[in-house]
Amino acid sequence: MSIATYIKEIGRGKEGARSLSREQSHDLMSQVLDGRVSDLELGAFALAMRIKGESIDELSGFLRAVHERSLQISASTPVVILPSYNGARKLPNLTALLALLLAQNDIPVLVHGPSRDPSRVTTASVFHDLGLPTALDAADMSNAWARREPVFIATENLCPSLARLLDVRWVIGLRNSGHTVAKLLAPTTEGQAFRVVNHTHPEYGEALTSFLQREHAHAMLLRGTEGEPVADPRRLPKLDVFLQGQLRPDLSVVAQEGVLTELPVLPRNIDAATTAVYIQSVISGEKPAPGPLARQTECIAEAWRALTGERMRERSA
């Protein structure tokens with residue numbers, strides 16, 4: 001079945017384009033992920049959505065299609081999900097450090113993202129240089145969590161069809177809706193994921209807030225560092241915590257204001273090996289964790305404990 005009807009709606013330019021319903025969006029993304037569209041249609045879809053931007057209904061429909069084709073993970077306690085799809089360009093990629101700090105709090109952590117990016121330092125490469133586990137299936141994840149280790153899974157193993165959609169970037173030179181959906185992907189049993197969702201522009205923050213509220217999600221929303229789900233090590237951003245889609249001011253953190261009086265000592269080089277050595281020095285206690293990352297860890301841990309407590313009360317009721 002052609003997706004030309006959908007492209008006609010979303011491809012009328014920024015002002016003239018119309019958004020699709022949740023059902024239409026699910027059908028569109030299902031056809032894309034299943035390879036039932038031509039290369040020309042795929043490119044048209046990617047460019048049209050890039051210009052228009054995704055509505056809340058479209059995000060919901062796209063994400064449902066991706067979840068249906070993803071590896072399903074069953075967990076006894078909520079899992080913190082760190083989607084890592086941008087990598088480092090100017091600052092060290094410290095997503096693995098956040099994952100390790102959370103694991104030290106006995107929190108199961110799943111990081112997912114691409115296994116390679118020719119232009120940036122990926123979390124996959126930092127995990128490799130730290131000797132941290134990379135999962136191929138759900139059993140590998142459970143084994144890592146039993147050892148109190150965070151675990152990384154490449155998108156091509158988590159959802160191969162999504163990985164193929166992400167790779168369209170290398171053909172047309174632009175990211176597409178797959179990247180937005182990937183940062184929301186939480187392939188656990190319902191209610192067992194606490195997502196750390198990041199944005200780079202304020203308008204995306206507003207849209208993601210609406211999405212998390214409507215989806216009754218458990219999540220932290222922040223302006224990430226170079227598109228990674230980790231606080232800027234130099235200045236703490238606002239950390240909004242949602243449980244059941246409700247913003248929780250008691251668990252959230254306000255942004256750091258004013259002039260910075262102290263900067264963390266970060267490695268000068270951002271390659272994976274240097275970053276891994278720095279992270280290991282923090283985990284071993286040789287160096288302090290950057291203040292914003294330590295505060296983000298505390299915030300997620302508090303939210304995770306609150307969520308876990310709610311789950312236990314529900315089971316005993």
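None of these values were measured; they are calculated from a predicted model. One is the number of the first residue; the rest follow in order along the sequence. Side chains included, hydrogens not; waters and symmetry mates left out as well; all remaining heavy atoms used.
- The distance from the CG atom of Leu239 to the CD atom of Gln296 is 6.0 Å, given to the nearest 0.5 Å.
- Asp106 has no carboxylate O lying under 4.0 Å from a charged side-chain N of Arg305, or vice versa, which leaves the two without a salt bridge.
- With sequence neighbours left out, the side chain to side chain donor-acceptor pair (under 3.5 Å) criterion links Arg12 to no other residue.
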Between Val230 and Leu97, is a side chain to side chain contact (heavy atoms under 4.5 Å, CB included) present by the stated rule, with each step listed? CA-CA 9 Å; Val230 62; Leu97 174 56; over 6 Å; no

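- Side-chain contact between Pro83 and Leu185 is absent, with no heavy-atom pair separated by less than 4.5 Å.
- Rounded to the nearest 0.5 angstrom, Leu293 CG and Arg295 CZ are separated by 12.5 Å.
- Val254 and Val196 fall into different hydrophobic clusters, where Ile, Leu, Val, Met, Phe, Trp and Tyr are joined by side-chain heavy atoms under 4.5 Å apart, directly or via other members.
- Note that the CZ atom of Phe45 and the CG atom of Leu47 stand 10.5 Å from one another [nearest 0.5 Å].
- Taking a 6.0 Å sphere around CZ of Arg268, one finds it holds 12 or fewer heavy atoms contributed by other residues, nucleotides or ligands.
- The CE atom of Met29 sits 8.0 Å away from atom CE of Met49, with the distance rounded to the nearest 0.5 Å.
- No donor-acceptor pair under 3.5 Å is formed between the side chain of Thr134 and the backbone N or O of Ile153.
- Note: Glu54 CD to Leu59 CG = 5.5 Å, rounded to the nearest 0.5 Å.
- In the hydrophobic clustering of ILVMFWY residues, with side-chain heavy atoms under 4.5 Å counting as a link, Ile51 and Ile56 come out apart.
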What do the steps show when you test Gln24 against Glu9 for side chain to side chain contact (heavy atoms under 4.5 Å, CB included), and what is the final call? CA-CA 11 Å; Gln24 290 173 322; Glu9 297 296 315; over 6 Å; no

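- Side-chain contact check for Asp57 and Ser55: no donor-acceptor pair (N or O, by modelled atom type) lies under 3.5 Å.
- Residues Ile3 and Glu41 approach most closely at N-OE2, 3.3 Å, considering heavy atoms.
- Between Thr297 and Leu98 there is a side-chain heavy-atom pair separated by less than 4.5 Å.
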Using distance only, find each side-chain donor-acceptor pair of residues 156-168 under 3.5 Å and give its atom names and separation, not counting sequence neighbours.
from, atom 1, to, atom 2, distance (Å)
Glu156, OE2, Ser115, OG, 2.5

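- Checking side-chain atoms of Asn176 against main-chain N and O of Gly178 turns up a donor-acceptor pair under 3.5 Å.
- The shortest non-hydrogen separation linking Ala231 to Thr225 is C-OG1, 3.2 Å.
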Distance-only donor-acceptor hits, side chain of residues 197-209, under 3.5 Å, sequence neighbours excluded:
from, atom 1, to, atom 2, distance (Å)
Asn198, ND2, Gly227, O, 3.2
His199, ND1, His201, O, 3.1
Thr209, OG1, Gly205, O, 2.9

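- Taking every heavy atom of both residues into account, Leu42 and Val32 meet most closely at CD1-CG1, 3.7 Å.
- Under the 3.5 Å distance criterion, the side-chain polar atoms of Trp145 are left unmatched by any main-chain donor or acceptor of Pro150.
- Proximity of a side-chain donor or acceptor of Glu302 to a complementary backbone N or O of Ser252 within less than 3.5 Å is not detected.
- The distance between the ring centers of Tyr85 and His112 falls below 6.0 angstrom.
- Taking 4.0 Å as the cut-off between side-chain N and carboxylate O, Arg169 and Asp117 count as a salt-bridged pair.
- In this structure, the side chain of Gln213 does not engage the main chain of Gly245 through any donor-acceptor pair within 3.5 Å.
- Side-chain atoms of Gln104 and Ile283, non-hydrogen and from C-beta on, do get closer than 4.5 Å to each other.
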Between Ser119 and Arg89, does the side chain to side chain contact (heavy atoms under 4.5 Å, CB included) criterion hold? Intermediate values first, please. CA-CA 8 Å; Ser119 61; Arg89 204 171 39 170; over 6 Å; no

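- Listed for the Asp27 side chain is no donor-acceptor partner under 3.5 Å among the backbone atoms of Glu23.
- Although no hydrogens or angles enter the test, the distance criterion places a donor-acceptor pair under 3.5 Å between the side chain of Arg195 and the main chain of Leu184.
- In terms of heavy atoms, Ala75 sits closest to Gln192 at O-NE2, 3.0 Å.
- No more than 12 heavy atoms of other residues, nucleotides or ligands lie within 6.0 Å of CD in Gln246, so this atom counts as exposed by the packing criterion.
- The ring pair (Phe, Tyr, Trp, His ring centres under 6.0 Å) search around Phe194 returns none, not counting sequence neighbours.
- Side chain of Ser125 to backbone of Val121: no donor-acceptor contact under 3.5 angstrom is found.
- With respect to the salt-bridge test (charged N to carboxylate O, under 4.0 angstrom), the residues Lys52 and Glu58 qualify.
- Arg116 has its side chain within reach of Pro118: a pair of non-hydrogen atoms, C-beta onward, lies under 4.5 Å apart.
- Environment of NE2 in His128: sparse, with no more than 12 heavy atoms of neighbouring residues, nucleotides or ligands closer than 6.0 Å.
- Residue Ser177 holds its OG atom at 7.5 Å from CD1 of Ile10, rounded to the nearest 0.5 Å.
- Contact check for Asn86 versus Lys183: side-chain heavy atoms found under the 4.5 Å cut-off.
- Closest of all the heavy-atom pairs between Ala276 and Asp129 is CB-CB, 3.7 Å.
- Evaluation of the side chain to side chain contact (heavy atoms under 4.5 Å, CB included) rule for Ala124 yields Thr122, Phe152 as partners, not counting sequence neighbours.
- Contact of the Leu71 side chain with the Met141 side chain is registered, since non-hydrogen atoms from C-beta on lie closer than 4.5 Å.
- Between Asp240 and Leu247, the closest side-chain pair of non-hydrogen atoms falls below 4.5 Å.
- Note: the hydrophobic cluster containing Leu101 does not contain Val265 (ILVMFWY, side chain heavy atoms under 4.5 Å, direct or indirect links).
- For Asn269 (side chain) and Asp271 (main-chain N/O), no donor-acceptor pair under 3.5 Å exists by modelled atom type.
- A search for side chain to side chain contact (heavy atoms under 4.5 Å, CB included) contacts involving Glu215 returns Arg22, Ser60, Phe211, not counting sequence neighbours.
- Tracing side-chain contacts under 4.5 Å through hydrophobic residues (I, L, V, M, F, W, Y), one reaches Ile7 starting from Val171; they form part of the same cluster.
- Side-chain N or O atoms of Gln256 include one that pairs as donor or acceptor with a backbone N or O of Leu236 at under 3.5 Å.
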Asn93 vs Ile270, side chain to side chain contact (heavy atoms under 4.5 Å, CB included): CA-CA, chis, key distance, verdict: CA-CA 7 Å; Asn93 180 354; Ile270 67 167; over 6 Å; no

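- Within the 4.5 Å cutoff, the side chain of Thr275 has heavy atoms near those of the Leu94 side chain.
- Between Ser84 and Thr123, the shortest heavy-atom distance links the atoms OG-OG1, 2.5 Å.
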